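Comments concern the structure below.
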Amino acid sequence: MQREIQIYNTLSRTKERFEPLNPPFVGLYVCGPTVYGDAHLGHARPAITFDLVFRYLSHLGYKVRYVRNITDVGHLENDADEGEDKIARKARLEQLEPMEVVQYFTDRYHLNMAQLNVKSPSIEPRASGHIIEQIEMVREILKAGMGYEVNGSVYFDVEAYNRGHRYGKLSGRVLDDLLANTRALEGQDEKRNPFDFALWKKAQPEHIMRWPSPWSEGFPGWHLECSAMSNRYLGDLFDIHGGGMDLLFPHHEAEIAQSCTVHGKDPVKYWMHNNMITIEGQKMGKSLGNFITLNEFFNGAHVRLEKAFSPMTIRFFILQAHYRSTLDFSNEALMAAEKGLERLMAGRKVLEQLKPGSESTFDVAGLQAKCYAAMDDDFNSPIAIAHLFDAVRIINSIKDGKGSLTATDLHGLREWVESFVVDILGLKEEVGGSESSLMSDVVGLLIRLRAEAKARKDFQTADEIRDELGKVGIVLKDTRDGVEWQISGKDI
RNA sequence: GGUCUCGUGGCCGAGUGGCUAGGCAGCGGUCUGCAAAACCGCGUACAGCGGUUCGAAUCCGCUCGAGACCUCCA
């Protein structure tokens, strides 16, 4: 916890030294998914990015309260049926109660996150469970003169707010520019200005998700839930707020305006934004229809996929790029990640078996220090991974007898590699499990048969055993120390 | 149109004034009955043009190209 961490703060557009408000406690809020469809690769990015932040800060000894919401109050579609939101629409199409849709996709989201080895947040609040808090905020905003009611709906008065604050400070926007450039959309005649946003919307007759309020039967504006829930669980001012770059404006800008109005101060010290995942250079997104769901990656059932990719491959692929860079999807890139991950995990296993030597021919401590330094520098996982690959090379060299480590260094190396691979990067073995001992016995038998064949120079049989095993995904390797085997396919 | 970001070797992807990124693929070698794995070695990459500098992929300007946000979006 004595380390100096640098975090890139969107608010200042620079890296800043991380100083928690109340060490050792850290408050972390991240915008979660709207549960009206299966999570796609884009959803995996913030989940894994902030899982890494959560894990690293925890590893260093911080007591992190990580809040990631579930948006289960659908916001309005901009074009489709007036007064209908995404969740309600899905519910109508499938003849379900909206909360059935929410439950179904929430469960599937949780399953995907578990597959990706993303830790559960400390608190996972739902927007629908915090309607009272949101109504209370609307009341406060009206009282402060920053909102106005029209026909049962309440809007935030951006112009009024901007007189005492700077609306646009996070996204770098200037209100006059917004005024000149915002497109005029249909059905927004209730607003005084096009950039005003809804705090409370009166429900149309056909709108099934609705709650009573002082203004109308309706539902809260989308931006309000994060303000209400982050405040409830993390207070008026907390350390880190995360989310995708596409939420920067207007969502996070609106959050600041709402919280500032009600609590009199900026709600967040460090704003972190992960970049987008692209496909052929274009953002992967629902509205563009070019997304691939996580389930499709895991089973290979999508025309753009040449094969299935395991959850750990996806996780590793994302961690191999810095979170503030765009990351371009391609089969080739995924396959490279798969092979790289295999190499890293294999190295970790070899490490378990290494024997200490009388002297150290590698600088383990130095490498470890560089690895930590990489993470301290705005969570630079790709650099940390590069150093881990250096460690893998050292490990394999020692196994080949081309160097050695003292017992102390070997112990240090094991501790470091385990912490990084397992605790911080959150990578885990994907094969094996309960059948593994049975599998060992069977493969062991075949290995013995093959050894006998080789002993009588029957290489045809020996090769046949190895090739046939290879076909079902079991790879045999004749090493100096005997035969090793592993399951190569991730498609099983 | 406004605001902003990016353009790195066959692919992905770090870095950022002088010092090896890394992974995958490829080539050569060691080892091996063969193969695989592993290890060793190899590629004179920083969109283009100009400028600043002793020195730039890294700073500045221009040009070209790509993308994000401005509307729901991770």
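Values in this document were obtained by computation on a predicted structure and should not be read as measured data. Chain letters run A, B, ... following the sequence lines, proteins first and then strands; every chain starts at 1.
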**Item:** Spacing of the P atoms in B:rC19 and B:rG55 (rounded, Å)
**Value:** 15 Å
**Message:** For the residue pair A:Thr71 / A:Glu225, report whether a side-chain donor-acceptor contact shorter than 3.5 Å exists.
**Reply:** yes
**Message:** In whole Å, I'd like the distance from the CG atom of A:Asp467 to the P atom of B:rA36.
**Reply:** 12 Å
**Request:** Using only side-chain N and O atoms of A:Lys283, determine if any of them is under 4.0 Å from OP1 or OP2 of B:rC69.
**Result:** yes
**Asked** A:Ile385 near the nucleic acid: base, sugar-phosphate alone, or nothing, with a heavy-atom cut-off under 4.0 Å?
**Response** nothing
**Asked** Quantified in whole Å, what is the P atom distance between nucleotide B:rG28 and nucleotide B:rA37?
**Response** 15 Å
**Complete:** Which of B:rC40, B:rC34, B:rA14 is nearest the side chain of A:Arg450? It is B:rC34
Could you run down the sub-3.5 Å N/O contacts of the protein with nucleotides 23-25 of chain B?
{"unit_1": "B:rG23", "atom_1": "OP1", "unit_2": "A:Arg393", "atom_2": "NH2", "d": "2.9"}
{"unit_1": "B:rA25", "atom_1": "OP1", "unit_2": "A:Lys339", "atom_2": "NZ", "d": "2.6"}

**Prompt:** Just checking, any donor-acceptor pair under 3.5 angstrom between side chains of A:Ser325 and A:Asn275?
**Reply:** no
**Request:** Scan A:Tyr161, A:Tyr167, A:Phe195, A:Trp222 and name whichever one has a ring pair (Phe, Tyr, Trp, His ring centres under 6.0 Å) with A:Phe156.
**Result:** A:Tyr161
**Fill in**
OH of A:Tyr36 to CD1 of A:Ile87, rounded to nearest 0.5 Å, is 9.0 Å
**Request:** Kindly compute the distance separating CZ (A:Arg315) from CD1 (A:Ile48), expressed to the nearest 0.5 Å.
**Result:** 5.5 Å
**Asked** Considering only the P atoms, how many Å lie between B:rC60 and B:rG17, rounded to the nearest integer?
**Response** 11 Å
**Item:** Spacing between A:Glu225 atom CD and B:rC73 atom P, to the nearest angstrom
**Value:** 9 Å
**Asked** Base, sugar-phosphate, or nothing: which does A:Met276 touch, judged by heavy atoms less than 4.0 Å apart?
**Response** base
**Request:** May I ask you to say whether A:Arg173 pairs ionically with A:Glu253, meaning some side-chain N is under 4.0 Å from a carboxylate O?
**Result:** no
**Message:** Could you tell me how far B:rU30 sits from B:rA14 if I compare only their P atoms? Round to whole Å.
**Reply:** 37 Å
**Prompt:** What distance, rounded to whole Å, do you find between the two C1' atoms, one in B:rC11 and one in B:rU53?
**Reply:** 35 Å
**Request:** Determine the interplanar angle of the A:His252 and A:His273 rings, folded into 0 to 90°, and report it as parallel if under 30°, tilted if 30 to 60°, perpendicular if over 60°.
**Result:** tilted
**Message:** Under 3.5 Å, is there any donor-acceptor pair linking the side chain of A:Asp463 to the base of B:rG33?
**Reply:** yes
**Message:** Students often get this wrong, so: under 4.0 angstrom with heavy atoms, is A:Thr326 touching a base, only sugar-phosphate, or nothing?
**Reply:** sugar-phosphate
**Message:** Rounded to whole Å, please give me the gap between CZ in A:Phe197 and P in B:rC72.
**Reply:** 12 Å
**Message:** Both distances below 3.5 Å, Watson-Crick or wobble geometry, any strand: find the nucleotide opposite B:rG28.
**Reply:** B:rC40
**Request:** Please determine if A:Asp458 and A:Lys454 form a salt bridge, counting it only when a charged side-chain N lies under 4.0 Å from a carboxylate O.
**Result:** no
**Request:** Return the nearest nucleotide to the side chain of A:Lys454; candidates are B:rG33, B:rA21, B:rC70.
**Result:** B:rG33
**Asked** If you look at every strand shown and take non-hydrogen atoms under 4.0 Å, does A:Gly42 touch a base, only sugar-phosphate, or nothing?
**Response** base
**Item:** Side-chain N or O of A:Thr49 closer than 4.0 Å to phosphate OP1/OP2 of B:rA74
**Value:** no
**Complete:** Sorted by number, residues from residues 166-174 of chain A placing a heavy atom under 4.0 Å from RNA chain B are A:Gly172, A:Arg173
**Message:** Please determine whether a side-chain nitrogen or oxygen atom of A:Asn396 lies at a distance below 4.0 Å from atom OP1 or OP2 of B:rC39.
**Reply:** yes
**Fill in**
Comparing nearest nucleotides in RNA chain B, the 5'-proximal residue of the pair A:Pro382, A:Ile394 is A:Pro382
**Message:** Using the side chain to side chain contact (heavy atoms under 4.5 Å, CB included) definition, which of the options A:Leu248, A:Ile256, A:Ile7 pairs with A:Trp271?
**Reply:** A:Ile256
**Message:** Does A:His40 reach a base, just sugar-phosphate, or nothing at all? Heavy atoms under 4.0 Å.
**Reply:** base
**Request:** With heavy atoms under 4.0 Å as the rule, sort A:Leu334 into base, sugar-phosphate or nothing.
**Result:** nothing
**Item:** Nearest-angstrom distance from the residue atom OH of A:Tyr323 to C1' of B:rG13
**Value:** 17 Å
**Request:** In whole angstrom, give the distance that lies between atom CD1 of A:Ile277 and atom C1' of B:rC12.
**Result:** 13 Å
**Prompt:** How many Å lie between CH2 on A:Trp222 and P on B:rC72, as a whole number?
**Reply:** 7 Å
**Prompt:** Is there a Watson-Crick or G-U wobble partner for B:rG22 with both distances under 3.5 Å, and which nucleotide is it?
**Reply:** B:rC12
**Item:** Complementary nucleotide for B:rU53 - Watson-Crick or wobble, under 3.5 Å
**Value:** none
**Request:** Look through every strand shown and name the nucleotide pairing with B:rC6 as Watson-Crick or G-U wobble, where both distances are under 3.5 Å.
**Result:** B:rG65
**Prompt:** Mind checking the P distance from B:rG67 to B:rU16? Whole angstroms is fine.
**Reply:** 27 Å
**Fill in**
As its Watson-Crick or G-U partner within any shown strand, both distances under 3.5 Å, B:rC34 has none
**Asked** Distance from A:Phe298 atom CZ to A:Ser310 atom OG, nearest 0.5 Å?
**Response** 8.0 Å
**Message:** Less than 4.0 angstrom from a charged side-chain N to a carboxylate O is my criterion; do A:Lys471 and A:Glu468 meet it?
**Reply:** yes
**Asked** P atom, B:rC59 versus B:rU5: distance in rounded Å?
**Response** 12 Å
**Request:** Using a strict cut-off of less than 4.0 Å between a Lys/Arg side-chain nitrogen and an Asp/Glu carboxylate oxygen, indicate whether A:Arg450 and A:Glu464 qualify as a salt bridge.
**Result:** no
**Between B:rA47 and B:rG65 - P atom distance, rounded Å** = 16 Å
**Asked** Regarding A:Arg324 and the six-membered ring of A:Tyr8, is the cationic atom NZ or CZ under 6.0 Å from the ring centre and inside 45° of its axis?
**Response** yes
**Complete:** Assign each of A:Ala462 and A:Phe317 the nucleotide of RNA chain B bearing its closest heavy atom; nearer the 5' end lies the nucleotide of A:Phe317
**Message:** In this structure, how many angstroms lie between the P atom of B:rA66 and the CE atom of A:Met284, rounded?
**Reply:** 21 Å
**Request:** Would you please confirm or rule out a distance under 4.0 Å between OP1 or OP2 of B:rA14 and any side-chain N or O of A:Asn380?
**Result:** no
**Request:** Mind calculating the distance between CG (A:Asp378) and C1' (B:rA14) to the nearest angstrom?
**Result:** 13 Å
**Message:** If you only use heavy atoms from C-beta on, which nucleotide in B:rA35, B:rG67, B:rC4 is closest to the side chain of A:Arg13?
**Reply:** B:rC4
